[in-house]
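To find a chain, count down the sequence lines: A is the first, B the second, and so on, and within it residues start at 1. Only heavy atoms go into these numbers, but all of them, side chains included; no hydrogens, no water, no symmetry mates.
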Number of protein chains: 2
Amino acid sequence: MSQPQTQFRSRCSIARTLDVLGDKWTLLVVRDLMWHGKHTFQELQASEEHIAANLLSERLKRLMALGLVAREAYQDRPVRYRYALTEAGRSLEGLLLQIMGWGHAHLGGGLYDPRTGRTVADASPDGPQ
Amino acid sequence: MSQPQTQFRSRCSIARTLDVLGDKWTLLVVRDLMWHGKHTFQELQASEEHIAANLLSERLKRLMALGLVAREAYQDRPVRYRYALTEAGRSLEGLLLQIMGWGHAHLGGGLYDPRTGRTVADASPDGPQ
DNA sequence: ACAACTCACTTTCAAAATTAAAGTGACTAT
DNA sequence: ATAGTCACTTTAATTTTGAAAGTGAGTTGT
């Protein structure tokens, strides 16, 4: 996880986190690895948001370079990989929960409970109140 | 907040939040409005990450459309605006704190204390400043 | 008066990122 | 042999970004 500080825009922790995770896809991959039992390339690609294969490939590489994800071959000939969060990757759970909580409260999205593995139907179709 | 205008990629609250806030700049603008007393276009633009003027302009419009930011004229002739978080915008503080905490712990960024307005020098991966 | 300057943007345009689709390579199943 | 699966990579069009320059309303300095 140690990166030379020159790769970041600034010393601000928020800016640094956004440098690394600030896009529309990375945290969805983390979500699927964290909670939804998706561990192969195919499973990750099949999520309802439909990430393009080249982006998934690139995001997994970045997450691995950051030490947040690791992969292991689950088969040889041909070699196929299973991706999983590392300890550092699992440390993103609080962030994911916070983001989910906000999106539930303000954008009418569902609320997933990691304890039960169930998503609560949201309270309002397209907005808060 | 805003009406049913935005179409989201999915019902997932994380995906929805990323649809709206998932880029490298939006939350930095929120950070500056939330904690750093930056309220004019110029002040926001002068932050150390140096957002381009066109992006700042577009992000402020989006945040206003989402009801997270509101502006008021602080002067006529020429009219000039002061931007501020709405109640809904201020609800992003927990998310910001969580992102900051993670970036501090894992990317060696600083830790800002909203109570004191001070940033603690980091102790983590990249060493002290 | 007139030029210089400030602020809040908008426009321009090249570079980079995203998207959707098709292609590749190693194998397995029929 | 042919078709299919999986994990990608490549390609090409579109969109977003980033940096710089430009604009317009007004103020300040000489």
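- If you take CG of B/Leu44 and C1' of C/dA8, they are 12 Å apart, rounded to a whole angstrom.
- Checking A/Asp23 against A/Thr26 by side-chain atom types alone, a donor-acceptor pair falls below 3.5 Å.
- Under the 3.5 Å distance criterion, the side-chain polar atoms of B/Gln98 are left unmatched by any main-chain donor or acceptor of B/Leu95.
- Straight-line distance from the CD atom of B/Glu43 to the C1' atom of C/dT6: 14 Å, rounded to whole Å.
- Side-chain N or O atoms of A/Tyr112 include one that pairs as donor or acceptor with a backbone N or O of A/Trp35 at under 3.5 Å.
- The closest side-chain donor-acceptor pair between A/Glu49 and A/Trp25, if any, does not fall under 3.5 angstrom.
- Phosphate contact (OP1/OP2 of D/dT9, side-chain N/O of A/Lys61, threshold under 4.0 Å): present.
- When rounded to the nearest whole Å, the span between CD of A/Glu72 and C1' of D/dA7 equals 16 Å.
- Residue B/Ser57 has no polar side-chain atom (N or O) positioned under 4.0 Å from OP1 or OP2 of C/dC9.
- Here D/dC6 presents its C1' atom at 10 Å from CZ of A/Phe41, a figure rounded to the nearest Å.
- Under a 4.0 Å N-O distance rule, the pair A/Arg9/A/Asp19 qualifies as a salt bridge.
- Distance CZ (B/Arg71) to P (C/dC7): 17 Å, rounded to an integer number of Å.
- A cation-pi geometry, defined here as NZ or CZ lying under 6.0 Å from the six-membered ring centre and within 45° of its normal, does not hold between A/Arg82 and A/Tyr74.
- B/Gln75 has its CD atom 8 Å from the P atom of C/dA8, to the nearest Å.
- Atom OH in A/Tyr81 sits roughly 7 Å away from atom P in D/dC8 (whole-Å rounding).
- Relative ring orientation between A/Trp102 and A/His106 is described as parallel, the plane-to-plane angle staying below 30° on a 0-90° scale split at 30° and 60°.
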List the protein contact pattern of nucleotides 13-30 of chain C with one symbol per nucleotide (5' to 3'): B for base contact, S for sugar-phosphate-only contact, - for none; contact means a heavy-atom distance under 4.0 Å.
-> -----SBB-----BS---

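- Here A/Arg82 lies out of heavy-atom contact (under 4.0 Å) with every strand.
- Residue A/Tyr83 has no polar side-chain atom (N or O) positioned under 4.0 Å from OP1 or OP2 of D/dC6.
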